[in-house]
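All figures in this text were calculated on a predicted structure; none of them were measured in a lab. These numbers come from the heavy atoms of this one structure, side chains and all, not from hydrogens, waters or symmetry mates.
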Amino acid sequence: MRLSKEQQTSMLLVQLFQELKTLTLWQKRRPNLCEMASTLPFHYDTLAFEQWLQFVFIERISLMIEKNQPLPSEISLLPMAEESFKNLGNKANTLLNIIGQLDSLLSGRNI
């Protein structure tokens with residue numbers, strides 16, 4: 001049986017969560033309201049990319065799945081992830097792979 005796009009996305013979000021924790025990029029403290037209120041892409045003016053993934057992307061996509069809302073049909077997180085995590089070198093490979101899979105899945109490209 002083939003998993004639905006929502007099921008596959010949920011699985012990848014869990015993997016993303018786990019990998020952020022493994023790399024000690026998962027944060028216990030939620031950003032303040034001002035930091036979360038940014039209107040710029042990835043909130044790059046107020047959040048680190050890993051914070052955006054945790055507090056914006058994972059939360060929003062999870063909520064969309066929970067409420068049976070349509071998922072985004074075109075995303076491109078990998079270029080930002082590659083730039084943001086280049087200081088991690090090879091340690092970021094699994095994280096980048098997961099993000100690339102999310103890009104492909106949500107944009108309708110085969111993974």
Side-chain angles (χ1 to χ4, degrees):
M1 184 175 121
R2 182 161 165 78
L3 297 176
S4 71
K5 186 181 214 177
E6 291 75 16
Q7 290 170 316
Q8 292 177 66
T9 301
S10 289
M11 289 173 56
L12 287 169
L13 291 178
V14 168
Q15 290 175 30
L16 179 58
F17 159 78
Q18 291 171 334
E19 192 58 23
L20 287 168
K21 286 193 88 152
T22 297
L23 295 172
T24 64
L25 296 172
W26 193 262
Q27 301 190 357
K28 291 180 171 69
R29 186 189 68 79
R30 185 171 192 79
N32 66 44
L33 290 177
C34 290
E35 293 169 322
M36 294 296 290
S38 174
T39 58
L40 296 176
F42 307 114
H43 293 49
Y44 73 85
D45 60 332
T46 59
L47 300 178
F49 187 64
E50 61 269 17
Q51 290 175 302
W52 180 85
L53 286 169
Q54 178 178 348
F55 296 107
V56 179
F57 181 73
I58 292 174
E59 286 185 10
R60 283 186 187 166
I61 299 299
S62 296
L63 191 59
M64 292 170 89
I65 292 169
E66 183 183 311
K67 294 187 175 228
N68 292 315
Q69 295 174 336
L71 295 172
S73 60
E74 188 61 40
I75 69 167
S76 186
L77 303 179
L78 189 56
M80 184 69 173
E82 289 171 336
E83 181 62 28
S84 297
F85 301 127
K86 68 182 176 185
N87 62 319
L88 296 176
N90 289 338
K91 289 185 210 172
N93 288 349
T94 300
L95 180 61
L96 296 174
N97 183 40
I98 294 165
I99 292 170
Q101 288 180 62
L102 281 162
D103 276 0
S104 295
L105 177 63
L106 293 174
S107 297
R109 299 182 296 271
N110 290 337
I111 60 170

Inset, instruction - To the nearest 0.5 Å, tell me how far Phe55 CZ sits from His43 NE2. - result: 11.5 Å
Inset, instruction - For residues Leu12 and Leu16, determine if any side-chain heavy atom of one lies less than 4.5 Å from a side-chain heavy atom of the other. - result: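 No, side chains not in contact.
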Inset, instruction - Only counting residues at least two apart or in another chain, list the ones meeting side chain to side chain donor-acceptor pair (under 3.5 Å) with Gln51. - result: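 By the side chain to side chain donor-acceptor pair (under 3.5 Å) rule, Gln51 matches Gln27.
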Legend entry - Asp103 versus Pro79, closest heavy-atom pair with distance: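 In terms of heavy atoms, the two residues are closest at OD2-CD, 4.5 Å.
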Inset, instruction - Heavy atoms only: give me the nearest Leu25-Glu50 pair and the separation to one decimal. - result: O-CG, 3.8 Å
Inset, instruction - Give a yes or no on whether Lys5 atom NZ has more than 12 heavy-atom contacts from other residues, nucleotides or ligands under 6.0 Å away. - result: yes
Legend entry - Straight-line distance of Ile98 CD1 to Leu78 CG, nearest 0.5 Å: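 Between atom CD1 of Ile98 and atom CG of Leu78 there are 12.0 Å.
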Inset, instruction - Kindly work out whether a path of hydrophobic side-chain contacts (I/L/V/M/F/W/Y, heavy atoms less than 4.5 Å apart) joins Leu40 to Met36. - result: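 Yes, because Leu40 and Met36 connect within a single hydrophobic cluster, where side-chain heavy atoms sit under 4.5 Å apart.
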Inset, instruction - Quick one: closest heavy-atom pair of Glu19 and Lys91, and the distance? - result: OE2-O, 4.2 Å
Inset, instruction - Spell out, yes or no, whether Leu3 and Leu105 are grouped together once hydrophobic residues are joined by side-chain heavy atoms under 4.5 Å, including indirect joins. - result: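 Different hydrophobic clusters.
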Inset, instruction - Is it possible for you to say whether Ile65 and Met11 belong to one hydrophobic cluster, with membership spreading through side-chain heavy-atom contacts below 4.5 Å? - result: no
Inset, instruction - Would you mind reporting whether Leu53 and Ile99 have side-chain heavy atoms less than 4.5 Å apart? - result: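 Side chain of Ile99 against side chain of Leu53, heavy atoms only: contact under 4.5 Å found.
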Legend entry - Option among Leu13, Val14, Leu63 that satisfies the side chain to side chain contact (heavy atoms under 4.5 Å, CB included) test with Ile58: Leu13
